[in-house]
Amino acid sequence: VRCVQETATGIRYTLSLKHCLAHASIGGDFMKVNGIEGIYIANALDDKTVKQIINQKEQQENEEEEWEDEEMGKGTRKKMKKNLVVDNIHTYITFNKGGSWRYITAPKVDSKKKVINCAGNEDCSLQLHLRKFTTVPMLSHKNAHGIILALGNVGKSLDTEARSNVFLSRDGGVTWEEIAKGPHVYDIADHGGIMVQTRLYKLKENIADVFYSWNEGLTWETLRLSNMNITIQDIFTEPDSSTQLFLIRADSYEIREDEEEGSKYTTIFVLNFEKMHERICGGIHSPGVTGSDYEIWSPYDGRHGQPCLMGRRISYTRRKREAECFNGILFERPVSVEICKCTEEDYECDFGFARKDTLSNSPCVAHINISYAPPVNCTPGSYYTVTMGYRKVAGDTCQGGISHDPIVIPCSGSWFAGTKLIILLIGIIAVSYTHL
C-alpha cells in the first residue's frame, strides 16, 4: 500500500510514502499527532524487504514438501518461511503532511539512564507501535499540545508489543525519551498535566497498581487499587483531556457461592485527582518568567533556524514540566500566530511528480508524461502556467522566502515566445539535475 497526499481540493493525489502498512479493519497504520497540524507518524516497509516478500511468495507457490500424519495421511503443505513483514517494519515521521519523511530520533539514554547508541538512520532509529500489531495505540490529545505517548523500541525494525517500552515526546515527535520499561497502557488528563499508566501484562508485584505522574514522566507515584487478584485492561479519560478524572477497567476471576466454576468479572475504578493536589497553576499571562507555572512552546520540525511549522510560528502557553499543579477544566490556552518565510519543507511534489527518495528532501521528478504545451484555448494576450514540479503543502501559509510557484507564460504564437518557453524548460531541468 502507498500513502498518498491530496491537494487542497481533494481531487488530485501524489505519492507520499511507499509500502505503508494497512489492514482491512483499521486502514493504514499511520496516525496524526493531535493538536498540531502537519505531523503524522507511519509504519512502512523498505524497498529491499518488499522485493524479498515478492520473491518469497513466488517460492512458496512453487515449493511444496510432502508430509505424513497418522490421522490425515499423505498430503502437501507449503514450507513455512520467515515473516518478513513483522520482522522489517520501520517507523517514519513527517512534519509537513507527508511532503517528506524521516526516521525518528531515538533517546540518548533509557529510563535507567543507560546510554543508547543509535544514529537515527536505516540501521537504528526509534520504532513505534501505532495501530496494527498492538492493543495500545499511540496517544496524543488535541488539548495536550506536543505530548505523545507510544509503545516502541530502539533498533533497526519494530519489535513485538511484549518487548516494547513506553516512550514520550513533549515536542510533537522531534525528541523522545523512554519513561518506563515494558509495555504499559496509559492516558493523559488535565490538558497534559497528569499521566496515568499500568503494566499491560500481568506481573505479581503490581497486579492492581497504577502509576501516576504530575511532571510528564519525570517521577512516578504508585497507587494500589485493590488487594484482589485483578488484571487492569484499560485506562480512559474524557475525549478532550481537560478533567482530572480517569476510568480504569479491570478483570478478575472469582468463584462465588452460587457458582461451581470461576467466572470473569469486570470492575470499573474511578480515579479523581481533583482532591489529591490543591494548587491551581498560576502565572498564565506571564509565561516563562520566574514564579510562573507556564512556558511558551512553538512546534517545529527540529531544524535549526526559525521555529516554524506549516508556514507559521504558533506559540502555545503550556504548563512547565516541573510545575506540579492543576491546569483546571476551565483552562484556556493562549495562542499567538506569526507567518514565516517559505522553505523547502513548505513544498510537496505536484501531481505527476514524486521525490526520488521519500525519506529526504530530494528533488521532485516527473514520473508520468507532463505536457508543457499551451492549452488549446490559450489565446494571445492571456496566460497559462507551467508547474516546476512542486506545490505548497495544503494548509501551509508561508510567504516570501523560497518559491516553487508555477511559471506564468504568456499565450503567443510568436517564435520569440516559443523560444523563451524552451529556454525556461531547459533551465528547470538543469536546476533539477543539480539537486540530484
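As the structure is a prediction and not an experimental result, all values here were calculated from the model.
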Asker: Which residues pass the salt bridge (Lys or Arg N to Asp or Glu O under 4.0 Å) test with R163, sequence neighbours left out?
Answerer: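 By the salt bridge (Lys or Arg N to Asp or Glu O under 4.0 Å) rule, R163 matches D159.
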Asker: Got a sec, which residues hit side chain to side chain contact (heavy atoms under 4.5 Å, CB included) with C118, two or more places apart in sequence or on another chain?
Answerer: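 Counting only residues at least two positions away or on another chain, C118 forms a side chain to side chain contact (heavy atoms under 4.5 Å, CB included) with A106, I116, C124, V154.
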Asker: Apply salt bridge (Lys or Arg N to Asp or Glu O under 4.0 Å) to D110 and list each qualifying residue two or more places apart in sequence or on a separate chain.
Answerer: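 Partners of D110 under the salt bridge (Lys or Arg N to Asp or Glu O under 4.0 Å) test: K181.
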Asker: By side chain to side chain contact (heavy atoms under 4.5 Å, CB included), which residues pair with T222, not counting sequence neighbours?
Answerer: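 D209, F211.
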Asker: Applying side-chain hydrogen bond (donor to acceptor under 3.5 Å, both in side chains), name anything that partners S292, two or more places apart in sequence or on another chain.
Answerer: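 Listed in chain order: nothing, the list is empty.
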Asker: Checking Y294 now: which residues fulfil ring pair (Phe, Tyr, Trp, His ring centres under 6.0 Å) with it, not counting sequence neighbours?
Answerer: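 Y294: ring pair (Phe, Tyr, Trp, His ring centres under 6.0 Å) contacts with F331.
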Asker: Going by the rule side chain to side chain contact (heavy atoms under 4.5 Å, CB included), which residues pair with L225 if we only count those two or more places apart in sequence or in a different chain?
Answerer: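 Listed in chain order: V210, L223, I232, I248, F269, L271.
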Asker: Restricting to pairs with a member in residues 281-296, which pass salt bridge (Lys or Arg N to Asp or Glu O under 4.0 Å), not counting sequence neighbours?
Answerer: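 Salt bridge (Lys or Arg N to Asp or Glu O under 4.0 Å) check on residues 281-296 returns R170-E295, R279-D293, E295-R318.
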Asker: Please list all pairs meeting salt bridge (Lys or Arg N to Asp or Glu O under 4.0 Å) that have one or both residues in residues 325-342, counting only residues at least two apart or in different chains.
Answerer: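 Matches after skipping sequence neighbours: none remain.
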Asker: Can you list everything that forms a side chain to side chain contact (heavy atoms under 4.5 Å, CB included) with S125? Sequence neighbours excluded, please.
Answerer: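 Checked S125 against side chain to side chain contact (heavy atoms under 4.5 Å, CB included); matches are Y103, Q127.
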Asker: Taking side-chain hydrogen bond (donor to acceptor under 3.5 Å, both in side chains) as the definition, give me every residue that meets it alongside T317, ordered by chain and number, with sequence neighbours left out.
Answerer: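 Scan of T317 (side-chain hydrogen bond (donor to acceptor under 3.5 Å, both in side chains), adjacent residues dropped) gives none.
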Asker: What residues, two or more places apart in sequence or in another chain, satisfy salt bridge (Lys or Arg N to Asp or Glu O under 4.0 Å) together with E37?
Answerer: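 For E37, the residues satisfying salt bridge (Lys or Arg N to Asp or Glu O under 4.0 Å) (neighbours in sequence not counted) are K97, R312.
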